[in-house]
Amino acid sequence: MKITIVCVGKIKEKFYKDAVAEYEKRLCRYCKLEFIEVADEKTPEGASEALKEQIKEKEAGRILEKIREDTFVCTLEIEGKRLTSERFAGWMEGLTVKGISHIVFVIGGSLGLHESVRRRADMALSFSDMTFPHQLMRVILAEQIYRAFRIIQGAPYHK
């Protein structure tokens, strides 16, 4: 299975980079994992709603050009579906049973995702009602993907 995580912006902090690298190393035995970073747009202080929408649209264009038509797309959104780790593992396993071999997870920018990206998604997933830094969300997502593969394998990691 191939898993691509498309993210808006770059990771600046070394500790996030180190954590992502650790999960990349752990996941290489289960899947081909790829992170694709697209440029973020700076949002001026006090930006109007119209300007925020334009910013999200620009970021969406960059996101969508990285997504192939034959991939299953899962966006990370507060309004998305909530799953336990076990159900997330079951969902991932179910996709492979259906013949889906490439999943793309999308983590938006600080303003969230433009409607065009949401429309392209096959599923929206939520980790919490809380807002997390986008760099940290990469770590959380990578950890949950790793946990899912361990659950699928029946390994004790998920306890």
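Owing to the predicted nature of the structure, the values given are computational and were not obtained by experimental measurement. In what follows, residues are counted from 1 in the order of the sequence shown.
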How far apart are the C-alpha atoms of Met92 and Phe149, what are their side-chain angles, what is the distance that settles it, and do they pass the side-chain contact (heavy atoms from CB on, under 4.5 Å) test?
CA-CA 9 Å; Met92 284 185 55; Phe149 280 114; 3.8 Å; yes
Using modelled atom types and a 3.5 Å cut-off, is there a donor and acceptor pairing between side-chain atoms of Arg82 and backbone atoms of Phe127?
no
Go through it in stages, so that I can follow the logic: the residues are Glu77 and Ser126, the test is side-chain hydrogen bond (donor to acceptor under 3.5 Å, both in side chains), and I'd like the CA-CA distance, side-chain angles, deciding distance and then a yes or no.
CA-CA 5 Å; Glu77 305 178 45; Ser126 174; over 6 Å; no
Hydrophobic cluster mates of Val104, side-chain heavy atoms under 4.5 angstrom, ILVMFWY only, any path?
Val6, Val8, Ile36, Val38, Ile63, Leu64, Ile67, Val73, Val106, Leu113, Val117
Would you call Arg150 and Tyr30 a side-chain contact if the rule is heavy atoms closer than 4.5 Å?
yes
Transitively linked via ILVMFWY side-chain contacts under 4.5 Å: Val97 with Ile103?
no
Verdict with reasoning, Phe72 to Met123, per side-chain contact (heavy atoms from CB on, under 4.5 Å):
CA-CA 8 Å; Phe72 186 96; Met123 179 178 174; 4.1 Å; yes
side-chain hydrogen bond (donor to acceptor under 3.5 Å, both in side chains), paired with His102, selected from Thr4, Thr71, Asp70:
Thr4
If we ignore hydrogens and angles and just use 3.5 Å, is the side chain of His134 paired with the main-chain N or O of Gly109 as donor and acceptor?
yes
Pro133 side chain reached by Tyr16 side chain, heavy atoms, under 4.5 Å
yes
Stepwise side-chain contact (heavy atoms from CB on, under 4.5 Å) check, Met137 with Ile140
CA-CA 5 Å; Met137 200 62 232; Ile140 294 169; 3.8 Å; yes
Backbone of Lys56 reached by a side-chain donor or acceptor of Glu41 within 3.5 Å
no
Rounded to the nearest 0.5 Å, how far does CD of Glu93 lie from NZ of Lys98?
12.0 Å
We want to know whether Arg138 and Tyr23 form a side-chain donor-acceptor pair, criterion being a heavy-atom distance below 3.5 angstrom.
no
Do Leu136 and Leu27 land in one hydrophobic cluster if side-chain heavy atoms of ILVMFWY residues count as linked below 4.5 Å?
yes
For Lys32, which residues count as a salt bridge (Lys or Arg N to Asp or Glu O under 4.0 Å) partner, sequence neighbours excluded?
none
